[in-house]
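Below is one structure, written out as structure tokens; comments come after it.
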Amino acid sequence: MIRDAIIHMNNEQPLKCDLQSLPTAVDACLMCTNLRYLSGAKPSFIDHADSWFLVPLGIVRFVEVPASAITESEGILALPPGPLPDELPIDDGFDQLDFAAETDLLRRMREA
């Protein structure tokens, strides 16, 4: 169980919930329980707070999972210990020769 995940939906206020598991690539819905607003209040469209809810992934922009909820004991990949690096190496596939050739091509196009 992943506690206190936040579901950010299209054109809606974020909702806090408990997820049964993280969605996979083949899932069509997000299965959750204990659905509530960030303030803790129960949304007016919920009749029973202890129900399970299926939220279509088509309306979900992203799911925010707190780092404290990610543990190896639940079969979820854990974050590495320690702080995250400030900068990650980026390999954009371009080297200086490609950049120079592109710059030269753009210069010739402007002159034409």
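Owing to the predicted nature of the structure, the values given are computational and were not obtained by experimental measurement. One-based numbering along the sequence shown.
The shortest side-chain heavy-atom distance between Asp4 and Arg36 falls under the 4.5 Å cut-off.
Scored by the side-chain hydrogen bond (donor to acceptor under 3.5 Å, both in side chains) test, Arg61 finds no partners at all (sequence neighbours excluded). Here Leu38 pairs with Ile6, Pro14, Lys16 under the side chain to side chain contact (heavy atoms under 4.5 Å, CB included) rule; sequence neighbours left out. By the ring-ring contact (aromatic ring centres under 6.0 Å, His included) test, Phe45 pairs with no residue at all, sequence neighbours left out.
Using modelled atom types, no side-chain atom of Asp50 and backbone atom of Asn34 make a donor-acceptor pair closer than 3.5 Å.
Looking at every heavy atom in both residues, Cys17 comes nearest to Cys32 through SG-CB, 3.6 Å. Closest approach of Gln20 to Trp52, counting heavy atoms only: CB-CZ3, 3.9 Å. When all heavy atoms are compared, the tightest approach of Leu22 to Leu19 is CD2-CD1, 4.4 Å.
Using a 4.5 Å cut-off between side-chain heavy atoms of Ile, Leu, Val, Met, Phe, Trp and Tyr, with links allowed through other members, Met1 and Leu54 fall into the same hydrophobic cluster.
Between the OG atom of Ser51 and the CG atom of Leu35 there is a distance of 10.0 Å, given to the nearest 0.5 Å. To the nearest 0.5 Å, the span separating CD1 on Ile46 from CG on Leu15 amounts to 7.5 Å.
Electrostatic pairing of Lys42 and Asp47 does not count as a salt bridge here, judged by no charged N lying under 4.0 Å from a carboxylate O.
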